[in-house]
2 protein chains.
Amino acid sequence: MTGNTSTIGRPRAFDVDKALQKALEVFWEKGYEGTSLPDLTEAMGINKPSLYAAFGNKEQLFLKAIELYENRPCGFFQPALLQPTAYLMAEQMLFGGAAASSDPSLPKGCLMVQGALSCSDNANSVKQVLIEKRRSGELQLQQRLERAKAEGEFAADVDCAALACFLGVQLHGMSIQATTGASSDKLQKVAAIALEAFVAATSGKAAVPESAS
Amino acid sequence: MTGNTSTIGRPRAFDVDKALQKALEVFWEKGYEGTSLPDLTEAMGINKPSLYAAFGNKEQLFLKAIELYENRPCGFFQPALLQPTAYLMAEQMLFGGAAASSDPSLPKGCLMVQGALSCSDNANSVKQVLIEKRRSGELQLQQRLERAKAEGEFAADVDCAALACFLGVQLHGMSIQATTGASSDKLQKVAAIALEAFVAATSGKAAVPESAS
DNA sequence: TTATTTTTTTACCATACGGTACAAAAAAAG
DNA sequence: CTTTTTTTGTACCGTATGGTAAAAAAATAA
């Protein structure tokens with residue numbers, strides 16, 4: 001069990017949750033492999049044996065950090081899926097993603113992307129976990145869109161898989177742009193353009209204007 | 001000078017261009033820091049002193065690799081900018097990016113993104129180079145769009161900076177989706193949706209449908 | 001006080017990293 | 001053949017990495 005509330009023995013000199021939050025921010029900024037143990041211990045204000053006693057090892061600490069990430073900085077995702085219409089879902093998703101990736105009080109971008117986008121063979125397991133998380137997110141999007149389609153929100157020829165991938169492109173693309181320095185304002189404008197595209201794509205006959213003379 | 005054509009001395013046992021191509025592929029797949037010198041020497045078929053004699057060091061080798069990357073796998077970018085209309089430019093850009101990120105004969109994604117998206121402090125100079133490259137690409141996009149606007153292709157209220165950022169989101173987002181496993185076909189569908197969005201956004205009055213009762 | 005439990009501190013371990021010195025090898029030049 | 005020039009192979013260097021052993025310190029329990 002992680003929740004150690006035993007009153008016996010020397011008490012911990014640090015707050016486990018706050019230390020995890022600090023670890024999250026370092027991993028977020030430098031990635032899994034770019035983060036060294038001294039980076040972690042310095043940010044968390046503890047030393048190595050304390051880290052290992054409380055969190056297992058570097059990889060397990062990272063896994064706990066992405067769990068925290070999903071609940072807090074990336075917490076807009078699940079509520080967005082619960083919106084009553086696909087339009088409201090897309091709106092919350094796009095503007096939530098734009099805001100999350102460019103929050104001035106946190107590292108820029110998305111941990112699911114930059115945590116281990118490309119890495120050495122040693123970190124392949126971590127990379128695979130993040131790939132699976134991204135896949136799962138897109139699948140949830142697709143299923144939400146298919147429900148909307150079944151409920152008659154979309155035209156009959158709408159490709160929900162492609163549309164889910166399109167939304168994934170927006171979220172991940174905005175996160176890259178945020179690391180490149182795009183402002184929160186600019187990303188909101190991009191989200192607005194993407195939302196219009198979403199509306200157009202869901203109202204059927206996704207025709208590329210062919211009659212451009 | 002890199003181009004050493006001296007006929008004197010022991011001849012090189014490897015082809016410099018082919019070795020650089022191999023190095024590019026390793027960097028592309030594992031990123032700058034995720035790639036070790038043994039990774040490089042094995043892929044290139046040479047040993048460390050030969051690598052250092054021919055390319056300087058790991059960082060200089062990486063810089064030469066991204067130069068090659070810009071000319072070959074990412075070679076669709078500059079020609080797209082030269083298209084006569086903004087529409088044709090966007091079309092070539094989006095479909096070119098979709099194809100490049102999912103080419104089955106090469107690593108997935110975009111080296112400009114995954115070469116050093118997040119990294120340790122040691123690699124900060126390389127990360128900064130890639131950030132600058134991405135910024136420069138978006139600026140070229142913006143300037144091309146501004147030219148199109150000046151030539152009367154767009155409505156008066158079109159925000160070329162936001163539109164350039166939107167295109168950057170598509171290119172970088174598709175590259176992430178490619179590393180996550182998206183097929184070339186799926187990315188083409190996404191590119192088509194994005195191209196429609198581009199058309200809509202350039203024909204003025206980017207109105208979010210507010211009258212949705 | 002003494003014994004027990006847990007955390008902290010310090011010091012260390014094996015391995016892998018980027019990079020290089022040095023001598024052997026392979027070619028052309030004299 | 002000898003000299004000169006350049007590349008190759010091997011062996012090595014200092015440092016940083018993730019991880020741990022062992023003792024000191026701080027709390028409770030008896």
Side-chain angles (χ1 to χ4, degrees), chain A residues 1-20 23 26-27 30-65 115-116 119-127, chain B residues 1-20 23 26-27 30-65 115-116 119-127:
Chain A
M1 303 298 163
T2 308
N4 191 1
T5 340
S6 79
T7 175
I8 189 174
R10 178 170 177 172
R12 273 219 179 89
F14 65 97
D15 182 318
V16 175
D17 292 335
K18 283 179 183 166
L20 181 57
V26 182
F27 279 133
K30 300 189 174 185
Y32 175 68
E33 282 201 297
T35 301
S36 70
L37 284 177
D39 287 338
L40 288 168
T41 55
E42 190 186 344
M44 300 165 86
I46 64 181
N47 45 32
K48 278 191 280 185
S50 297
L51 189 156
Y52 278 78
F55 300 103
N57 61 13
K58 189 187 174 184
E59 180 167 347
Q60 288 169 38
L61 174 59
F62 181 79
L63 296 178
K64 280 168 187 149
C119 57
S120 82
D121 298 336
N122 305 323
N124 251 325
S125 62
V126 166
K127 174 180 162 186
Chain B
M1 304 298 161
T2 309
N4 191 1
T5 340
S6 79
T7 175
I8 189 172
R10 179 170 176 171
R12 272 217 180 89
F14 65 96
D15 182 317
V16 175
D17 292 335
K18 283 180 183 167
L20 181 58
V26 181
F27 279 133
K30 301 190 174 184
Y32 176 69
E33 281 200 298
T35 300
S36 71
L37 283 177
D39 288 339
L40 288 168
T41 54
E42 191 185 344
M44 300 165 86
I46 65 181
N47 45 32
K48 278 192 281 185
S50 297
L51 189 157
Y52 278 79
F55 299 103
N57 63 11
K58 189 187 175 185
E59 179 167 347
Q60 288 169 40
L61 174 58
F62 181 79
L63 296 179
K64 280 169 187 150
C119 57
S120 83
D121 297 336
N122 305 323
N124 251 325
S125 61
V126 166
K127 174 180 163 186

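Predicted model only: the values in this text are computed from it and were never measured. Chain identifiers are assigned alphabetically (A, B, ...) following the order of the sequence lines, protein sequences preceding nucleic acid strands; residue numbering begins at 1 within each chain.
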Exercise for the section: For the helix from C/dT1-D/dA30 to C/dG30-D/dC1, figure out the bend between the end axes, five pairs an end, and round to 10 degrees. Expected result: 10°
Problem - OP1 or OP2 of D/dT7 under 4.0 Å from side-chain N/O of B/Ser50 - result: no
Completion exercise
What one should report as the nearest heavy-atom pair of A/Ala116 and A/Lys127 is O-CG, 3.4 Å
Exercise for the section: Could you tell me whether A/Ala53 contacts a base, only the sugar-phosphate backbone, or nothing, with contacts defined as non-hydrogen atoms closer than 4.0 Å? Expected result: nothing
Problem - C/dT8 phosphate, OP1 or OP2, under 4.0 Å from A/Asn47 side-chain N/O - result: no
Handout entry: Qualifying residues under side-chain contact (heavy atoms from CB on, under 4.5 Å), relative to A/Phe14, sequence neighbours excluded
Key = A/Arg12, A/Val16, A/Ala19, A/Ile46, A/Ser50, A/Ala54
Problem - A/Asp121: salt bridge (charged side-chain N to carboxylate O under 4.0 Å, His left out) partners, not counting sequence neighbours - result: B/Lys30
Handout entry: All ring pair (Phe, Tyr, Trp, His ring centres under 6.0 Å) counterparts of A/Phe62, not counting sequence neighbours
Key = A/Phe27, A/Tyr32
Exercise for the section: Using a 4.0 Å cut-off on protein heavy atoms (strictly under), produce a 5'-to-3' string for nucleotides 17-27 of chain C with B for base contact, S for backbone-only sugar-phosphate contact, and - for none. Expected result: SBBBB---BBS
Fill in the blank from the handout: When B/Leu51, B/Thr35, B/Leu37 are each screened for side chain to side chain contact (heavy atoms under 4.5 Å, CB included) with B/Leu61, the one that passes is B/Leu51
Practice task
Can you measure from CG (A/Leu40) to NZ (A/Lys48) and round to the nearest 0.5 angstrom?
Solution key: 11.0 Å
Completion exercise
In terms of heavy-atom contacts, A/Phe55 and A/Met44 come closest through CE1-CE, 3.5 Å
Practice task
Applying side-chain contact (heavy atoms from CB on, under 4.5 Å), name anything that partners A/Ser120, two or more places apart in sequence or on another chain.
Solution key: A/Glu33, A/Asn122
